[in-house]
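Let me begin by presenting the structure, written as structure tokens, before commenting on it.
Note on naming: letters A, B, ... go to the chains in the order of the sequence lines (proteins, then strands), and numbering restarts at 1 for each one. Given the structure is predicted, the values throughout are model-derived calculations rather than measurements. We use all heavy atoms of the structure for the numbers below, so side chains are in, but hydrogens, waters and symmetry mates are not.
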2 protein chains.
Amino acid sequence: MITEAIMVIDDDQDLRETIVEILENYDFSVIACATAEAALQAMKDDIPCIVLLDNMMPGMGGMALIPLLKKDYPGIKIIMITAFSTVDNAVEAMKSGADDYLAKPFKRDELLVAVRRALEKLKFSQQESEPCMDEALASLSNQIRRQILTILSTKGEMRFMDITRMLGIQDHTKVNFHLKNLKSNSLITQNREKAYRLTSQGKKIIDCLQLLSKRITP
Amino acid sequence: MITEAIMVIDDDQDLRETIVEILENYDFSVIACATAEAALQAMKDDIPCIVLLDNMMPGMGGMALIPLLKKDYPGIKIIMITAFSTVDNAVEAMKSGADDYLAKPFKRDELLVAVRRALEKLKFSQQESEPCMDEALASLSNQIRRQILTILSTKGEMRFMDITRMLGIQDHTKVNFHLKNLKSNSLITQNREKAYRLTSQGKKIIDCLQLLSKRITP
DNA sequence: TTGTCTTGTGAATAATTCTTCACAGCGCAG
DNA sequence: CTGCGCTGTGAAGAATTATTCACAAGACAA
């Protein structure tokens, strides 16, 4: 389950607890883990949105954890905590997917700035969580499919070959390919007699499309 | 210049004039030509939306004219007029791009039905004449580009590497590819200091996109 | 001057999308 | 029963789009 929690992964108990305390004082929900292994285990239940991650840890280090996290939880923003003497490691962590880093020792404000920056990035990454939008917009980028939606919007219902003929396309299998796309994206459906019609989602889409067309047509 | 005229191409003067008379009685604007060659010449000035075309004509016949018309004027709807004994030619004409056919001798109503059918198809083909829409929707089908539009909508202006970092993308050339697409489709522009911002068109697009997102998100 | 960062460029490569092909099964009319 | 039209299927091939790579030029600081 994806949560809004911030996960702190650091074997240094003092530092870990300090970070937890600061973040909780600012009303962030915090999960604390002493090892990378414990963190991976905890993520099976609750997936944080931000991970604060120390580089030097026994067992699996922070550097090794980053690719695992990015692979399994691509939405997580990762802030690497690094000692001043290992800044080159921080650069390398950035290259392998960390989103930001904090050099020890850091001030409370630096921590809060980094967290807020990560939250800001998360805000724009929310677009990634809209499979409906992705599919709808991918469907709409094709002209034949837009024409089909328009036809069905006007006519209400229509059968396969009628649509094909109205589109003026000779190769019916081409139309079938596009109808299948629209159907699998739930923009159109068929009744018992196989006539195609718009779904309610399809209707919303074509409405917005026509509104958009009016707005941007010179 | 694209017009709303119907062009009649037939070497048979009686038939040609009959068709012209019928169509003009129904308030259609008609251009009459006796040969394919004359028709091609006339189209340099006024491009009709529908062509009624006889198959058997001296010089270039109807069958040879179809591919030329479809290539140079893809939006034109072509109705092939064919004698009853050459229906197989009509089928072949359909295969090479004619949109409909009329078998001689035809009644006035048959002619009108065919013309209205072609006008109906034209109505749905109007979508083909919206390059702005095509490009905008193609741009929107890509997630990175949508994220860029959202970022600029919120922030107003932003420079290249700031956008790249906010997107959390390491490879700046990838972002450059997408920025170029948005720029060439006039959704974004740059000021003198190279900061990117939305065009007015881009603003309209992102508004509609957010409206659409609200409507179809479950 | 060198090194680094910013902001690109164009081409090769990879991935995705679209079109075409060859076929299939069903229903209906002759 | 055969032939034709309708409505598909899946895979191969073609086209388009996206990503990566190698590089470039300019600006700025040390």
Problem - Results of side-chain hydrogen bond (donor to acceptor under 3.5 Å, both in side chains) for Thr18(A) - residues two or more places apart only - result: none
Completion exercise
side chain to side chain donor-acceptor pair (under 3.5 Å) pairs touching residues 176-185 of chain B, sequence neighbours excluded, are Ser139(B)-Asn181(B), Ser139(B)-Asn185(B), Arg145(B)-His178(B), Arg145(B)-Asn181(B), Asn181(B)-Asn185(B), Lys183(B)-Gln190(B)
Problem - Presence of salt bridge, Arg146(A) and Asp134(B), under 4.0 angstrom - result: yes
Exercise for the section: Encode nucleotides 9-30 of chain D as B, S and - characters from 5' to 3', where the letter depends on protein heavy atoms closer than 4.0 Å: B to the base, S only to sugar-phosphate, - to neither. Expected result: BS-------BBBBB--------
Problem - Test side-chain contact (heavy atoms from CB on, under 4.5 Å) applied to Ala42(B) - qualifying residues, sequence neighbours left out - result: Met7(B), Cys33(B)
Fill in the blank from the handout: Asp10(B) meets the salt bridge (Lys or Arg N to Asp or Glu O under 4.0 Å) criterion, sequence neighbours left out, with none
Handout entry: chain A contact limits on DNA chain C, taken 5' to 3' with a cut-off of 4.0 angstrom to heavy atoms
Key = dC18(C) to dA22(C)
Problem - Phosphate-side-chain proximity, Gln190(A) and dG8(D), N/O vs OP1/OP2 below 4.0 Å - result: yes
Completion exercise
For Gln41(A), the side-chain contact (heavy atoms from CB on, under 4.5 Å) test, sequence neighbours excluded, returns Lys44(A)
Completion exercise
In short, the helix from dT1(C)-dA30(D) to dG30(C)-dC1(D) is bent end to end, axes from five pairs each side, to 10°, by 0°
Practice task
Check side-chain hydrogen bond (donor to acceptor under 3.5 Å, both in side chains) between Asp109(A) and all other residues, then give those that pass, not counting sequence neighbours.
Solution key: none
Completion exercise
For Arg165(B), the side-chain contact (heavy atoms from CB on, under 4.5 Å) test, sequence neighbours excluded, returns Met161(B), Asp162(B)
Exercise for the section: Output all residues satisfying side-chain contact (heavy atoms from CB on, under 4.5 Å) with Ser186(A), sequence neighbours left out; order by chain, then residue number. Expected result: none
Practice task
May I ask you to verify if any side-chain N or O of Arg165(A) is less than 4.0 angstrom from the OP1 or OP2 atom of dC6(D)?
Solution key: yes
Practice task
With sequence neighbours excluded, tell me which residues meet side-chain hydrogen bond (donor to acceptor under 3.5 Å, both in side chains) with Asp207(A).
Solution key: none
